[in-house]
Amino acid sequence: CPPGLAKKGCLPPGQAKKLFNVGQRVPAGFGYTPFGAIPYDLRRHYGLRDDHRYIYRDDYIYRVDPATMLVTEVLRAIL
């Protein structure tokens, strides 16, 4: 992975913004973002709950069902 793409999960810029869509399965082993690592203002603004699982990357928040590994919601993470 080139150093410039490391922050974007090794994806080219055009693909980084569309990591997952609603209904898409998250690959096995793909890590969740710890709840505390999501900025407080975003958690408050979107009403995120600590009992859900999220992936926060490239200005998007993806809510993932841990049982099915399906993305249930995609939020644009800007205020």
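- In this structure a side-chain-to-backbone donor-acceptor pair under 3.5 Å is present from Thr72 to Arg63.
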* To do: Begin from the C-alpha positions of Phe30 and Phe20 and carry the test ring pair (Phe, Tyr, Trp, His ring centres under 6.0 Å) through to its verdict.
  => CA-CA 12 Å; Phe30 200 93; Phe20 300 111; 5.3 Å; yes
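- Between Val64 and Leu70 there is no side-chain heavy-atom pair separated by less than 4.5 Å.
- Relative to the ring axis of Tyr62, Arg57 does not place its NZ or CZ within 45° and under 6.0 Å from the centre.
- Side chains of Leu48 and Leu75 form a contact here, defined as non-hydrogen atoms less than 4.5 Å apart.
- Counting heavy atoms from C-beta outward, Val74 and Asn21 have side chains that stay 4.5 Å or more apart.
- Looking at Tyr54, its side chain does come within 3.5 Å of a backbone N or O of Arg49 through a donor-acceptor pair.
- A heavy-atom distance below 4.5 Å is found between the side chains of Ile61 and Leu42.
- How far CE of Met69 is from CD of Gln24: 11.5 Å, rounded to the nearest 0.5 Å.
- Looking at every heavy atom in both residues, Ala77 comes nearest to Tyr56 through CB-CE1, 3.7 Å.
- If you take CG on Asp50 and CZ on Arg43, they are separated by 9.0 Å, rounding to the nearest 0.5 Å.
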